[in-house]
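Working notes for the structure below.
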Protein chains: 2
Amino acid sequence: MSDVAAFADVSPSTVSLYLRKPEAVSPQTGRVIALAIAKLNYVPNFAAGSLAAAASRAVGVVVPSIKNAAFAETVMSLQTALGKANFHVLLGHTEYDEREEEAVVRTALSWAPAALVLTGLGHSEGTRKVLASRRIPVVEIFDISGDCIDIAVGFSHEKVGEAMADHLAETGHRRLAFIGSRMQEDLRAARRASAFVARTKALGLPPPPVIGHPAPPDAEIGGMLMSRLIESHPEVQAVACSNDHIALGALFCAQRRGLRVPDDIAIMGFGGLAFTLASTPPISTVLPHGDLIGKETARLIIERHGGKGVDRSTVVDTHFQVVPRESTAPRVAASAITGTI
Amino acid sequence: MSDVAAFADVSPSTVSLYLRKPEAVSPQTGRVIALAIAKLNYVPNFAAGSLAAAASRAVGVVVPSIKNAAFAETVMSLQTALGKANFHVLLGHTEYDEREEEAVVRTALSWAPAALVLTGLGHSEGTRKVLASRRIPVVEIFDISGDCIDIAVGFSHEKVGEAMADHLAETGHRRLAFIGSRMQEDLRAARRASAFVARTKALGLPPPPVIGHPAPPDAEIGGMLMSRLIESHPEVQAVACSNDHIALGALFCAQRRGLRVPDDIAIMGFGGLAFTLASTPPISTVLPHGDLIGKETARLIIERHGGKGVDRSTVVDTHFQVVPRESTAPRVAASAITGTI
DNA sequence: GTGAAAGCGCTAACAC
DNA sequence: GTGTTAGCGCTTTCAC
């Protein structure tokens, strides 16, 4: 940087100022400095900057798994938006383990990050304590039902579960069920399931069976869960799935068994993945707006960084959208055909 | 750190030494320091460390898109392995744009990273130049056919294309085709397609049509491409797809049109995604071993960092695996039925 | 095996 | 609008 300053015949602090607030330097000085930077192929040293400023432009982003398409989408849109404001993403994953999360958070804090993005509202005591002792912005994403540390951006998984039950009931299904995987660790999926069960009962429908599996969600597990469901509860008319991969596997399983979807059994997913639109039949799903979560998170971090008044306990509800498709097409009521219920 | 030193009644440099090489400090001193660290809840400052050492433990990882499951898997396994050696992942994505990659690389270099991981062997002149002026390890992943900057870990996309043609030919298909998306940007997909065409011709089969689309690959695009293929080339017996999502869409499209897979048309994907095993019928695919790429990359970075002799121009072939499934089940030769060709 | 001292490249007051 | 100054918290020689 002093090389640049010497070349441009200004002081190092002017170069530093130009780099951080170009508008605070006179246009012509700015031009000379820009030229010197290009000429010397200057690459700044963020470590030195972070040390001097006691804060970096790194943002720690901690998700359970980036193999999960929803998180991948959010991380990507978050990164795009943060990148435009010259923030950088330091990535960590936890596999739904709070102890792992704590370790990742401690590591991230060592970089004196400008902000920390965590997934969900559940964290270990150690994580909370170490976060409380700093005053860096913390954004908790993908959940808003509960107490947040600082800022929360996401939606209510309870409402998703309820909306799924409502949708299946509205389309004329009475015997509902929920299948899902890894619900011991993925507590948000578990809460969607619980809310689904509660709402189904509240609607006066028979209590829906819930079948789970400990493995990470994929179409194979979905097929297995569907098989078990059909065998143990042949009366079921509609299945809500913990996510779209499970739903896809359920659809294939139904096909393999010669069951028509939705006539014999309706299927609904969660996640809004692209294949739900392309499948035969297209699968009804719930869009969580992962990209919006990323964008809003970036916006709040940038605003907070700019000193703008983003209050603590700010909660942004990004909502979700039920997307009805053919896999849950309205059922002709049995009474309409046979005259009985 | 000086607080820790004071508490442990040693000098700061001893604490520093303990943190970097615990074995270089006497066991009892080490124990006292460890106690002080725990007592004071000491969090190191990586910025200061990076500045003083003129190198950080951050590893810049640059992929086209983490929404792509193959890259997500690689980033995740890379991160897991690097994390165990106390390296941290600084993530960037390029959307297959070399100019974007150059910007991301420059940013990453500002962190004085311990290593840089780039995707593929194609980079802009600017990227090459700025990398050449440093001597940090550079690992190029997901491709090994071409000249690498430093270290390459991946597989040959040409061989994948050839293996796909071979597999379809061996299973008795004569009229082949290739469908794929975003092949203008995703040059590795384009090379799989080219090699597929070349090998098909070399096998004495009719030149296969190639149909592409500029959008990112997903099942919907796959269905569209399949539709266009069936309409323009009704004689086609087997389709190779640029990836599994395209193949899934193609399968659904075939179902919708009442075509039996594989009897009327065989389908083969690339990527080894979980749903290929669960679909009806299961889809033949090619496993790229993304997790292995991540692991090997981490291993090489750690070895190079430890001063072990990982030579420049080291190339690790992680290979790939053709997984034959029902969607390309052997075709009963027409001659066996009708006695003619 | 441990400590003293110098300085990494930058930022942020403050003075001009 | 620009320059001067004093560190930021660590690592790294080099003595001891």
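Computed from a predicted model, the values in this text were never measured in an experiment. A, B, ... follow the sequence lines: proteins, then strands. Residue 1 opens every chain.
- Per the geometry, CH2 belonging to B/Trp111 stands 16 Å off P belonging to C/dG9, to the nearest Å.
- Checking the phosphate oxygens (OP1, OP2) of D/dT12, a side-chain nitrogen or oxygen of B/Arg20 falls inside 4.0 Å.
- Of the candidates D/dG1, C/dT11, D/dT11, C/dT11 carries the atom nearest the A/Ala53 side chain, counting heavy atoms from C-beta on.
- Residues from residues 82-89 of chain A lying near DNA chain D, meaning a heavy-atom separation below 4.0 Å, are absent.
- Ion pair B/Lys67/B/Glu95 not flagged as a salt bridge, since none of the NZ, NE, NH1 or NH2 atoms sits closer than 4.0 Å to an Asp/Glu carboxylate oxygen.
- In this structure, the NZ atom of B/Lys21 is 15 Å from the C1' atom of C/dT2, given to the nearest Å.
- Exactly one residue among A/Glu101, A/Arg188, A/Gln184 makes a side-chain contact (heavy atoms from CB on, under 4.5 Å) with A/Tyr96. That residue is A/Arg188.
- Mapping B/Ser26 and A/Leu51 onto DNA chain C via the closest heavy atom, the residue that lands nearer the 5' end is B/Ser26.
- Residue B/Tyr18 places none of its side-chain N or O atoms closer than 4.0 Å to OP1 or OP2 of D/dT11.
- Between the side chain of A/Arg20 and the backbone N or O of A/Ser16, at least one donor-acceptor pair lies under 3.5 Å.
- Atom CD of A/Glu23 is separated from atom C1' of D/dT2 by 15 Å (rounded to the nearest Å).
- Scanning residues 7-17 of chain A for heavy-atom distances under 4.0 Å to DNA chain D yields A/Val10, A/Ser11, A/Ser13, A/Thr14, A/Leu17.
- Within a 6.0 Å radius of CZ in A/Arg134, more than 12 heavy atoms belonging to other residues, nucleotides or ligands are found.
- Between B/Glu296 and B/Arg299 there is a salt bridge, with a side-chain nitrogen of the basic residue lying less than 4.0 Å from a carboxylate oxygen of the acidic one.
- The CD atom of B/Glu73 lies 14.0 Å from the CD1 atom of B/Ile66; values are rounded to the nearest 0.5 Å.
- Here D/dG9 presents its P atom at 7 Å from CG of B/Asn45, a figure rounded to the nearest Å.
- Within the structure, every side-chain polar atom (N or O) of A/Ser2 is placed at least 4.0 Å from both OP1 and OP2 of C/dG9.
- Across C/dT11, D/dT2, D/dC10, the shortest atom-to-atom separation from the side chain of A/Met1 is found for C/dT11.
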**Message:** Test side-chain hydrogen bond (donor to acceptor under 3.5 Å, both in side chains) on B/Ser124 and B/Thr127; report intermediate values, then the result.
**Reply:** CA-CA 5 Å; B/Ser124 70; B/Thr127 302; 2.8 Å; yes

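- What separates CG of B/Leu19 from P of C/dT2 is a distance of 15 Å, to the nearest Å.
- In this structure, A/Arg57 places its CZ atom 13 Å from C1' of C/dT11, rounding to the nearest Å.
- Nearest to the side chain of A/Thr29, among D/dC8, D/dG1, C/dC10, sits D/dG1.
- Rounding to the nearest 0.5 Å places OG1 of B/Thr318 at 9.5 Å from CG of B/Asp291.
- To the nearest 0.5 angstrom, B/Asn86 atom CG is 7.0 Å from B/Phe46 atom CZ.
- Looking only at distances, a side-chain donor or acceptor of B/Thr74 sits under 3.5 Å from a matching main-chain atom of B/Gly290.
- In this structure, the separation between CD on B/Glu303 and CD1 on B/Ile151 is 9.0 Å, given to the nearest 0.5 Å.
- With salt bridges taken as basic N to acidic carboxylate O contacts below 4.0 Å, none links A/Glu125 and A/Lys129.
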**Asked** Pairing of DNA chain C as dot-bracket, 5' to 3': ( ) intra-strand, [ ] crossing, | other strand, . unpaired, with Watson-Crick or G-U pairs under 3.5 Å?
**Response** ||||||||||||||||

